[in-house]
Structures are given as structure tokens and as C-alpha cells.
Amino acid sequence: MCGISGQVKFDATPVDRALVRRMTRALAHRGPDDERFHFDGAVGLGHRRLSIIDAAGGAQPMTLRGPRPLRLVSNSEIYNYVELRCELEESGHQFVSRSDTEVILRLFAAEGVAGFLRLEGMFAIAIWDEAADSLYLARDRFGVKPLYYYHDQSAFLFASELKALLQYRGVDRALDRGALDSYFGTLALPEPQTVFRHVHKLAPGHVLTVRRGRVKQTRYWNPVPEIASRRPLANPVARLQNEIERSVRISLRSDVPVGVLLSGGLDSSTVTAVASRASETRLHTFSAAFREGDFDEGPWARLVAKRFGTRHHEVLVTKSTATEIALQLIEHFDEPFADSSSIPMFAVCQAASQVVKTALSGEGADELFGGYPWHGSRRSDGHPSRAVFTREERDQLYASVWRRTKRRPAPAHGLSPLKHSLLDDLKTYLPSDILLKSDRVSMMHSLELRVPFLNHQLAQFALRLPDQMKVRSGVRKYLLREAMRDMLPSEVLQRPKKGFSIPMDVWLWEKGPWRDMVYDTVFSDSLRRRGLFDMMMLERMQREHDRLERVHGYKFWTLFMFESWQRRWGG
């Protein structure tokens, strides 16, 4: 993958070249292979490249010359680029490279923003249309790849990560307390908000147009019509098998080695099973293990790796290594983020990056096929099993009243409670937590992470499935289990859902570096001086945890990550 950034000036002054260079270099970890720029009058584009396809011919910014000059930077992997290229060649386009980047550029020249609907893959794209004096930004349907932006009266700026935008000293750093309230409730900031009130993320499935100081955002794809579909479905097991095989097969398209992140759960085991058959070489798989048995999925991963003959790599995550990883996460997460599964994922991505440049993973299957504990519940108004601080606890936590982000009511489309729940997860939990974590942690190690379940054709099939194909008689992901029944070990098929987590409560209770790191930060003078939280409540929580009257490991972790972010990035 790559890192992109850019600036468009509104005030008739030239682009700030030094700023664009600083922004782009802040993304060096996303693209260690190359760095290039384009500057022209009021426009500057920057690109850091991780070369996956056509290393020699896919350099960016890429220019399409002619009566309508176009210039593109993208953080993308387009899996159906071969098929799209053939169509474009038949209509008269002459290509000069083998890259998927040129396919995006020529497709936009031919079809404009409508062309984004034809892309299957993950992408964050910026295209400067010189003739129209317009900048177009586009983000993939589910938000696999991030894209941030900020604008004031003098300029518009965009970048793959917030840290690049913060190179601009004019960024208004007023905190969005409504977004932070959601963070303390769910571990992550809700898309498309960020920690700063005036900095935004482009929403998944949207295009943003910047023209002569005006900024307009439009939706190009909406999951609601798909999930509300009532079309009859014939041979669902065979069709799902075919869709998974196709999606994994095109996700393996690469000029560099590809591996799989394998937890031993249903989703990553499915990807491993199909990829091992489709790969032309012996597949590498990577997993994390813990000494604490309740958290260790190592035996399941080893079982799957043995079944499919992969070259398996296992990394042990201990309390000591987790403490070291936590300190590195603070440096890279430029927003508060407290999903602790980022720690074992960091260890696995680090190990994978020593062997391969890209890897497949199972993200998205739970949101599409109904895999979480709250799927199948009669409730459709939130997921208390995912709460960190409840609403009542947050009222006690804050030293003063915080403005809350009001949750929009579920759209009245006649959806079942299950489909309401899945749609909510697709729009919030998936991009705000799961995909943000996957992108940031993999990119810390310059590792491209691909998510076959979210390729559009497979995702569209899953969205249209009726409820009974997703959750039946208490069995979640029913159809996916049926589709993999003849391929996966029965032990994997029958396993209940287990999150990718760490022994947070135990580590905070035991004496040692983890406990010291968390408590020293949460009860520091700097946090007290900020005056944001009721310290008496925090002291009471500490006593309860130490006595094992109530455990608060994840609450303290959320506070630790917020205060650590304040010190490093809060300004």
C-alpha cells in the first residue's frame, strides 16, 4: 500500500511545497520504497509507495496527458484491474504500464466519478482535474483505507493519516468531545469524526469534490438497498463457495509474496484453506500465542496450518513484550484508540513483514454473515456487550458535562433486528475499529493487509442473504460454516466466537511493568491537571480492581491510551 497527501490553495498563493513534503514524509512507514511529488501552481500532491504490482511502471503521482490532464495519487489495491484494463483497451485506451494505478486513472477519464463503482478492492484516491480546476477524493465502500481532510479559508489538505495533516500548523486542534464520549464507550472514535472537531475522515463509499474553495461530499455506494434485498437465492452453499474462492483468488494477485494472518477462527481459517489451494507456492501463515491458556489461540492456528501444509510462524506475546508494543502504538496511533487486540496484531504483522510484503486476513466476515454475540438478539438499539464505560459510568467519569454525539435512529427500511444490527456494524464498528486497527498496525510495518471478505462481489452476495442464512437456531455465520464444512477441521467449525484479546484484567492486577505503565499514566500529574476526569472515581476503581471486587482493566487501558495520546499528539 501507500501513503498520500496533498494541498490545494484557495487564496491565489502558490502551494506550500515544504508543507507537502513534510506531510508526505510523515507517512514514510506506509511506503518505504519510493517518494515523489507533483507541484503546479496552487496544487501539490505527495506519494509514498509500497511496491506490490508493477514496481517499475506504477510510480505516482501518475499523469494522464491530453486535452483533459489528470494527476492521481492513491493508496489502493484494485483486484479486478486486469478485467477493467481489458475493457478499456477494447475501447481504445493505450496503456504504458501494468499497474492498477493506471487503470484507475484511465477509468476516471472515461467514466468520471461513476467509475469508482466499478472498482473492486480497497482504495483512497485523489485525482486533480486541471481542466475542471477540481480535486476529487474517493474512498472504498467499507472504509478499508483511510482518508483524512481539513480545510480553512486559505487551503484544503488531505492525507492518509492524521499525523500528516498535523504538519500544518494552522490545524484547529479543538477536541471533539462528542467523538471522545463515544471513544470512552466503545474504544474507538466514530467515523467520520476524528478527535479534532474540524478535521474529518471521508466517509466510506463517498466522493468529495473540491472546486474553487467549495467542498462537496456525495455518496456513490449505499449498503442499504443490498441488505434490504429480498431476492430468492438458489444453491446458496455452492454460490458462497464460488464467491469466496473467486475473492481469495483475485486477492492473491501480486508481484511479491503473499501470506495469511491466521488466528485459528472460522474467518481466517477459511481464507487460509482457500488461499492454500489457489496459491502457486507454499503459503506462509502467521499467528500469535499467549502463555495464558484462556487467551491462547495458538493450538487452533497450528491445527489449521498443519491441515493445509502452510509454513507457519508463531509469535509469543508476553506481558513484557506487550508493554513494549504499547509504547510503540502510542507513537503511531495519532488518535485515541483502545482496542487492545492491536497488541497481538502488532506482533503478528511485525513477524509477517519479515517474510512477505502483503497478507490476507479475515476482517469483515462477522459484520457480513452475523458473527458477533449481539447478532441474533431481539434488540437493535446498540450492543452493550461492546461497552467499556456505560453511559451512566461516563456521566460519573467526566469532571464536567460533555457534549454527546447523538446516535441517529436506525433507518426505517423495514429491516429485521438482525439486519439493523449488521448495518450498524458495517457503518460504525467495522470502519471505526476493525479496519482502522488493521490499516494502522499493518502499515506500521509496511505490510499490505488485504481483506477478501470485503471484496465487493462477495460482500454484495453476503449482504443479500436472508436472516436464516446468517443466524439459525443460535448458530452464527450459519451459511459460512456450511460452505466450509468439507474443508475445515470440525474443531474449528464448532468453535464459539473468540475475540483477538489480551489478559488485560490479569496483567493490571499482577505487579509488573504493565501495571506500572498504566497506573503511572492514569494517576499522573499531567492527567490530573487537565481536569477532565473525576479522580475520586478512578481511585475507587483502582481499589476495586486490586481487591478483585470488580475488574476494570479495559477502562484503565482506555484512559491510558487517551492520556498517552494527549502527551504525544494533543498539542
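Here the two rings, on F142 and W221, have centers that are under 6.0 Å apart. Aromatic pair Y136/F108: ring centres closer than 6.0 Å. The aromatic ring centres of F10 and H151 sit 6.0 Å or more apart. With ring centers used as reference points, H332 lies under 6.0 Å from H29. Aromatic ring centres of Y429 and Y372 lie closer together than 6.0 Å. Taking the six-membered ring for Trp, F39 and F37 have ring centres closer than 6.0 Å.
Salt-bridge annotation for R253 and E280: absent, with no side-chain N of the basic residue lying under 4.0 Å from a carboxylate O of the acidic one. A salt bridge does not link E448 with K145: none of the charged nitrogens is closer than 4.0 Å to a carboxylate oxygen. One finds no salt bridge joining E331 and K163 here, because no Lys/Arg side-chain nitrogen approaches an Asp/Glu carboxylate oxygen to under 4.0 Å. Checked for salt-bridge contact, R30 and E161 meet the test: a charged N lies under 4.0 Å from a carboxylate O. With salt bridges taken as basic N to acidic carboxylate O contacts below 4.0 Å, none links R197 and D176. Taking 4.0 Å as the cut-off between side-chain N and carboxylate O, D33 and K357 count as a salt-bridged pair. D439 has no carboxylate O lying under 4.0 Å from a charged side-chain N of K437, or vice versa, which leaves the two without a salt bridge. A salt bridge links R98 to D255: at least one charged side-chain nitrogen sits closer than 4.0 Å to a carboxylate oxygen.
For the residue pair E120 and Q457, no side-chain donor N or O sits within less than 3.5 Å of a side-chain acceptor on the partner. Between the side chains of S263 and S268, at least one donor-acceptor pair of N or O atoms lies under 3.5 Å. Judged by distance alone, the side chains of S432 and E191 never bring a donor and an acceptor atom under 3.5 Å apart.
Of all heavy-atom pairs spanning V258 and L252, the tightest one is CG1-CD2, 3.8 Å. The two residues E83 and Y79 make their nearest non-hydrogen contact at OE1-O, 4.2 Å.
A search for side-chain contact (heavy atoms from CB on, under 4.5 Å) contacts involving R464 returns E226, S229, R231, Q460, not counting sequence neighbours. The side-chain contact (heavy atoms from CB on, under 4.5 Å) search around R118 returns L84, E87, L107, E111, not counting sequence neighbours.
Of the residues W565, Y149, Y148, Y168, the one that meets the ring pair (Phe, Tyr, Trp, His ring centres under 6.0 Å) test with F196 is W565. Here the options are R21, H47, R25, the test is side chain to side chain donor-acceptor pair (under 3.5 Å), and the partner is E35; only R25 passes.
Both tests do not hold together for R239 against F461: distance to the six-membered ring centre under 6.0 Å, angle to the ring axis within 45°.
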Counting only pairs under 3.5 Å, give me each side-chain donor-acceptor contact of residues 199-212, with atom names and distances, residues two or more places apart or in other chains.
residue, atom, partner, partner atom, Å
H206, ND1, P204, O, 2.9
R211, NE, A132, O, 3.0
R212, NE, D133, OD2, 3.3

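The number of heavy atoms from other shown groups lying within 6.0 Å of CZ (R282) is above 12. By the neighbour-count criterion of 12 heavy atoms within 6.0 Å, atom CZ of R169 is sparsely surrounded, having that number or fewer from other residues, nucleotides or ligands.
A donor-acceptor contact shorter than 3.5 Å links the side chain of D334 to the backbone of L162.
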